[in-house]
Amino acid sequence: QVQLVESGGGLVQAGGSLRLSCAASGRTFSGYAMGWFRQAPGKEREFVSAISWSGSNTYYADSVKGRFTISRNNAKNTVYLQMNSLKPEDTAAYYCAADRTPYSAPGATTSQYDYWGQGTQVTVSS
């Protein structure tokens, strides 16, 4: 199995920025598609962004396009989510996820992903 650990969450004012990190260990990382999801209290876990194994292809939910940027550094076994122009509706626990099938295309559904981090809380105040 692979272990995923998120960090970088916190409290930020509306319009501000945060960068989330997800560090992977325990298994080959470079061949994994990676995703970010978020979940607010009482709501379903929803797709935020995903990235292909090479970093060449990225995908975003409509709600975050133009504001969030996903990236990865395979040499560091780490994927990032840069979040700018944050809104109160972005408040949620954010989770990173890994698809263990080598070179799979990244997608927006939770069922594709095999490994999940513990989550990091993002709170945006108004």
Side-chain angles (χ1 to χ4, degrees):
Q1 295 186 351
V2 65
Q3 295 80 47
L4 304 175
V5 180
E6 303 98 331
S7 62
L11 176 64
V12 65
Q13 188 179 80
S17 298
L18 285 173
R19 187 183 72 166
L20 306 184
S21 299
C22 175
S25 63
R27 199 71 166 84
T28 302
F29 174 77
S30 62
Y32 295 170
M34 301 289 293
W36 284 98
F37 293 77
R38 66 188 182 188
Q39 188 168 23
K43 299 187 69 176
E44 297 292 317
R45 190 166 298 187
E46 67 175 353
F47 170 74
V48 176
S49 186
I51 188 167
S52 63
W53 69 272
S54 67
S56 297
N57 301 108
T58 58
Y59 305 90
Y60 299 93
D62 288 342
S63 59
V64 306
K65 284 180 180 176
R67 300 189 297 121
F68 292 9
T69 302
I70 191 170
S71 62
R72 67 191 296 163
N73 186 334
N74 288 344
K76 294 284 189 179
N77 291 339
T78 303
V79 63
Y80 306 94
L81 186 69
Q82 178 67 45
M83 306 185 295
N84 298 326
S85 302
L86 283 162
K87 305 174 181 179
E89 53 262 45
D90 295 318
T91 295
Y94 283 71
Y95 300 87
C96 66
D99 178 355
R100 69 183 175 187
T101 302
Y103 316 119
S104 293
T109 59
T110 59
S111 61
Q112 173 179 345
Y113 298 93
D114 304 290
Y115 304 109
W116 294 82
Q118 83 288 350
T120 185
Q121 179 67 37
V122 172
T123 302
V124 184
S125 65
S126 59

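Residues: numbered from 1 along the sequence shown.
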Heavy-atom donor-acceptor pair, Thr58 side chain to Ile70 backbone, under 3.5 Å: no

The complete set of disulfide (SG to SG under 2.5 Å) pairs with one or both residues in residues 84-118, sequence neighbours excluded, reads Cys22-Cys96

Using a cut-off of 6.0 Å, state whether more than 12 heavy atoms not belonging to Arg100 lie near its atom CZ. no

So which heavy atom on Gly9 is nearest to which on Thr120, and how close? N-OG1, 3.2 Å

Applying side-chain contact (heavy atoms from CB on, under 4.5 Å) between Arg38 and each of Asp90, Leu81, Val122, report the one that passes. Asp90

Validation row: Leu20, Met83 side chains within 4.5 angstrom (heavy atoms): yes

By ring-ring contact (aromatic ring centres under 6.0 Å, His included), which residues pair with Tyr113, not counting sequence neighbours? Phe37

Should Trp116 and Thr110 count as side-chain neighbours, where that means a heavy-atom distance under 4.5 Å? yes

Interatomic spacing from CZ in Phe47 to CH2 in Trp36 - rounded to 0.5 Å: 12.5 Å

I'd like to know if the side chain of Asn74 reaches the main chain of Trp53, judged simply by a donor and an acceptor atom lying under 3.5 Å from each other, with no hydrogens or angles considered. yes

Hey, any chance Tyr94 and Leu18 share a hydrophobic cluster, counting ILVMFWY side chains that come within less than 4.5 Å of each other, even indirectly? yes

Mind listing the closest non-hydrogen atom pair of Thr78 and Ser21 along with its distance? CG2-CB, 4.3 Å

Quick one: OG on Ser126 to CG on Leu86, what's the gap to the nearest 0.5 Å? 13.0 Å

Where Ala98 and Met34 come nearest, the two heavy atoms and their spacing: CB-SD, 3.4 Å

Test item: Arg72 side-chain N/O and Gly55 main-chain N/O as donor-acceptor pair under 3.5 Å: no

All ring-ring contact (aromatic ring centres under 6.0 Å, His included) counterparts of Tyr80, not counting sequence neighbours: none

Do the side chain of Gln39 and the main chain of Ala92 share a donor and acceptor less than 3.5 angstrom apart? no

Are any side-chain N or O atoms of Thr91 and backbone N or O atoms of Val124, one a donor and one an acceptor, separated by less than 3.5 Å? yes

Interatomic distance, CG@Asp114 vs CG@Asp99, rounded to 0.5 Å, equals 5.5 Å

Is a side-chain donor or acceptor of Ser52 paired with a backbone partner of Ala33 at a separation under 3.5 angstrom? no

Side chain of Glu6, backbone of Gly119: donor and acceptor closer than 3.5 Å? yes

For the residue pair Tyr95 and Leu4, establish whether any side-chain heavy-atom pair is separated by less than 4.5 Å. no

Check step by step if side chain to side chain contact (heavy atoms under 4.5 Å, CB included) holds for Val12 and Thr123. CA-CA 6 Å; Val12 65; Thr123 302; over 6 Å; no

Under 3.5 Å: donor-acceptor pair, side chain of Gln82, backbone of Ser17: no

Can you name the nearest heavy-atom pair linking Gln112 to Ser104, along with the distance? NE2-CB, 4.4 Å

Can you confirm whether Pro106 sits close enough to Tyr59 that some side-chain heavy atom of one is under 4.5 Å from a side-chain heavy atom of the other? yes

